[in-house]
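Each remark here refers to the structure printed beneath this line.
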Amino acid sequence: MNDKLGNWKRTHRCGELSAGQIGQDVCVMGWVQRRRDHGGLIFIDLRDRDGIVQLALDPDRDPEAHSKAEQVRNEFVLAARGKVSPRPEGTVNPRMKTGEVEIEISELLILNRSETPPFMIDEFSEVAESIRLKYRYLDLRRPALQDNLLMRHRVARTVRNYLDCQGFIEVETPVLTKSTPEGARDYLVPSRVNPGNFYALPQSPQLFKQLLMVSGYDRYFQIVKCFRDEDLRADRQPEFTQIDCEMSFVNRDDVISIMEGMIAEVFLQAIGAEVQLPMARLTYAEAMDRFGVDNPDLRFAMELIDITALVSGSQFKVFADVAASGGLVKALNAKGCSSFSRKELDDLTDFVKIYGAKGLAWVKVTEEGWQSPIAKFFTADELAALNDKLAAEVGDLLLFMADTPAIANEALGRLRGHLGQKLGLAKKDDFKFAWITDFPLLEWDGEERRHVAVHHPFTAPLEEDIGLLDTEPGKARAQAYDLVLNGSEIGGGSVRIHDQAVQSRMFDLLGIGAEEAREKFGFLLDALSFGAPPHGGIAFGLDRLMMILTGADSIRDVIAFPKTQKATCLLSEAPNEVSERQLQELAIRLRKAQK
RNA sequence: GGGGCUGUAGUAGAGUCGGUUACAACGCCGGCCUGUCACGCCGGAGGUCGCGGGUUCGAGUCCCGUCAGCCCCGCCA
């Protein structure tokens with residue numbers, strides 16, 4: 001039989017007790033971290049979310065509490081009253097925040113018992129993630145996850161305070177909304193009241209926040225769940241959280257300036273890091289040229305060098321042919337890496353093949369010159385020119401990639417990131433931000449044989465590129481921007497189209513006919529015709545931001561109840577089959593699973 | 001859809017060349033212990049080697065399949 005709480009009131013949290021409370025009568029409540037039974041004296045480490053404090057139970061002081069303590073096991077829930085006392089000389093524990101004191105217990109309640117947990121609730125035990133996920137409520141008792149979720153709370157609070165001070169108001173938008181073409185696969189929800197019809201869960205509140213601008217709310221934000229039915233990654237969950245913002249009467253620089261202030265405040269409040277403002281900016285074209293990717297990790301240099309022109313006339317056919325057919329030959333200098341083993345070089349080659357590259361040429365720069373399978377193809381002049389262009393020094397490893405521009409950039413750019421990690425150039429407590437601007441507006445989709453929006457269909461072109469929409473739409477740039485931190489895209493947004501005619505033209509370019517546009521986005525087009533102000537916004541991925549702030553390697557470590565890679569929840573066992581009756585109400589008949 | 005890694009008591013691991021009854025640690029249970037703090041000492045219980053099939057006199061070990069977890073490509077406006 002458990003003890004009743006009655007009118008006991010907690011006076012302190014376990015972690016906040018220190019020498020300052022010595023002599024006070026206190027009451028703490030929490031979970032048993034550990035019991036140490038010395039036959040006479042019993043020590044209990046009591047834990048709550050703030051920390052751990054030692055309870056001392058002396059049979060001479062209170063036999064009843066002491067005998068109760070003998071029944072106590074790990075994770076029992078206790079309430080304890082007693083006097084905060086200094087620990088005897090020589091028994092102070094400097095590794096504990098509360099290690100100078102203990103509570104001399106006079107009364108003890110066992111509020112609840114616990115089964116032996118499947119794993120130890122401490123910071124030492126390594127446990128398979130599938131077991132941690134099945135017993136998530138126990139894993140969440142451990143300090144690592146508690147610290148992460150507490151920081152997540154502080155970040156959300158900082159964001160709300162900052163945006164409130166800047167005149168933003170938080171407005172909720174529908175979760176049951178309309179499926180739209182473009183973008184990710186939707187999660188669908190059947191409508192019982194409208195058989196055969198489905199809601200979609202929002203991939204983002206994009207359209208609604210634009211409507212709020214038309215409604216005159218001027219500055220909106222929301223910390224909001226978004227849903228995309230796509231495959232998972234270490235930094236991707238099908239349901240995730242955005243800090244979603246939209247502002248009226250602003251241009252790109254206005255949005256960037258307010259938002260980088262928010263990020264700086266978040267870093268200061270969450271981890272005490274000072275962020276230099278304004279943040280760096282790179283155009284998309286420059287990012288691709290120097291780093292091969294649109295989310296470069298700027299914690300280290302090792303930039304990509306375009307050597308297409310230098311090798312276009314060389315005897316090395318692989319390079320010359322690529323150059324002649326409109327491809328790119330690019331290289332990077334891995335300083336001091338000429339000691340890489342054959343195996344390491346093979347691993348690098350395997351790495352670039354993941355991104356579709358056919359191979360990777362390497363050169364070790366030695367006292368005797370180039371040591372490389374491709375050295376013999378180049379004249380002395382060519383070697384000198386390449387060494388000069390790559391700033392090659394003895395001890396360097398040069399890596400070359402020749403392919404279509406898309407593959408050469410991506411493969412070598414990813415290799416650069418990979419090497420940065422491998423060589424320890426990317427430190428977790430180093431934060432390098434950059435805004436990437438001037439993205440292309442459109443991208444050609446070879447499979448669907450049409451343009452698709454790089455950002456989304458509501459993104460405005462650069463004002464000077466509007467003419468290109470009629471001549472060379474593929475060359476038009478967008479008023480879009482991403483915030484990149486340490487090689488991770490943590491946010492992205494754009495100035496939106498507020499002109500109905502331009503929006504219709506955009507749908508046209510995307511191969512969305514007038515009728516389809518009417519059907520899918522008619523409400524937006526209508527709204528734009530009723531005095532839509534110029535507006536723009538941005539959304540930050542809160543989960544990814546938290547990963548970087550906490551140093552987590554997995555998005556699951558910053559989410560209270562995350563999904564597995566197969567998008568299931570090991571705790572609740574969602575998703576699950578539903579009853580025939582439920583399906584009937586929804587007018588849904590299942591097909592047999594196809595083999 | 002594809003590539004890769006992992007799977008052995010509650011937990012995390014060892015297990016040789018295919019060969020006796022599958023090991024030791026932490027945890028758990030019992031006993032002892034009045035200053036420990038990841039307490040200590042003594043004793044004990046606990047196993048469908050993920051699952052299914054195959055090879056073999058014999059499989060945790062080799063082969064095939066499958067399931068689960070993780071990482072990656074595709075996908076993610």
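Quick caveat: nothing in here was measured; it's all calculated off a predicted structure. Every chain is numbered from 1 and lettered A, B, ... according to where its sequence line falls, protein lines coming before strand lines.
- Checking B/G35 for Watson-Crick or G-U wobble geometry (two distances, each under 3.5 Å) identifies no partner in any strand.
- Taking 4.0 Å as the cut-off between side-chain N and carboxylate O, A/Glu246 and A/Arg496 count as a salt-bridged pair.
- The residue A/Ala56 sits apart from the nucleic acid: no heavy atom pair falls under 4.0 Å.
- Between A/Arg477 and A/Asp465 there is a salt bridge, with a side-chain nitrogen of the basic residue lying less than 4.0 Å from a carboxylate oxygen of the acidic one.
- B/U21 sits 16 Å from B/G58 when the C1' atoms are compared, rounded to a whole Å.
- A/Gln21 and A/His12 form no side-chain donor-acceptor contact under 3.5 Å, judged by distance and modelled atom types alone.
- The interatomic distance linking A/Arg35 (CZ) with B/G30 (P) rounds to 9 Å, in whole Å.
- A donor and an acceptor atom sit less than 3.5 Å apart, one in the side chain of A/Arg87 and one in the base of B/U36.
- Across all strands, A/Gln565 comes closer than 4.0 Å to base atoms (heavy-atom distances).
- Between A/Phe43 atom CZ and B/C33 atom P there is a gap of 16 Å when expressed in whole angstrom units.
- Remark: B/C57 base-pairs with B/G19. Criterion, Watson-Crick or G-U wobble with two distances under 3.5 Å.
- Considering only side-chain atoms of A/Leu41, the nucleotide from B/G74, B/U34, B/A12 that sits closest is B/U34.
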* Would A/Phe227 and A/Phe240 count as a ring pair (Phe, Tyr, Trp, His ring centres under 6.0 Å) if you check the C-alpha gap in whole Å, the side-chain angles of each, and the deciding distance to 0.1 Å? -> CA-CA 7 Å; A/Phe227 306 87; A/Phe240 60 99; 8.1 Å; no
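- Remark: A/Thr116 is not in phosphate contact with B/G10, judged by side-chain N or O atoms under 4.0 Å from OP1 or OP2.
- B/G52 is paired with B/C64 under the Watson-Crick or G-U wobble criterion, all donor-acceptor distances under 3.5 Å.
- A/Asp139 places its CG atom 14 Å from the P atom of B/U11, with the value rounded to the nearest Å.
- Distances shown here put every side-chain N or O of A/Arg233 at or beyond 4.0 Å from the OP1 or OP2 atom of B/G74.
- Ring-base stacking between A/Phe119 and B/G10 is not satisfied when judged by a centre separation under 5.5 Å and a plane angle under 30°.
- Comparing A/Val127 and A/Gly99 against RNA chain B, the residue whose closest nucleotide sits nearer the 5' end is A/Val127.
- Evaluation of atom-type donor-acceptor distances gives a pair under 3.5 Å for the side chain of A/Arg236 against the base of B/C76.
- On the P atoms, B/C63 is 37 Å away from B/G27, given to the nearest whole Å.
- B/G44 and B/C28 make up a base pair, with Watson-Crick or G-U wobble contacts both under 3.5 Å.
- The partner of B/A14, taking Watson-Crick or G-U wobble pairs whose two distances both stay under 3.5 Å, does not exist in any strand shown.
- You won't find any donor-acceptor pair under 3.5 Å spanning the side chain of A/Arg414 and the base of B/C72, going by distance alone.
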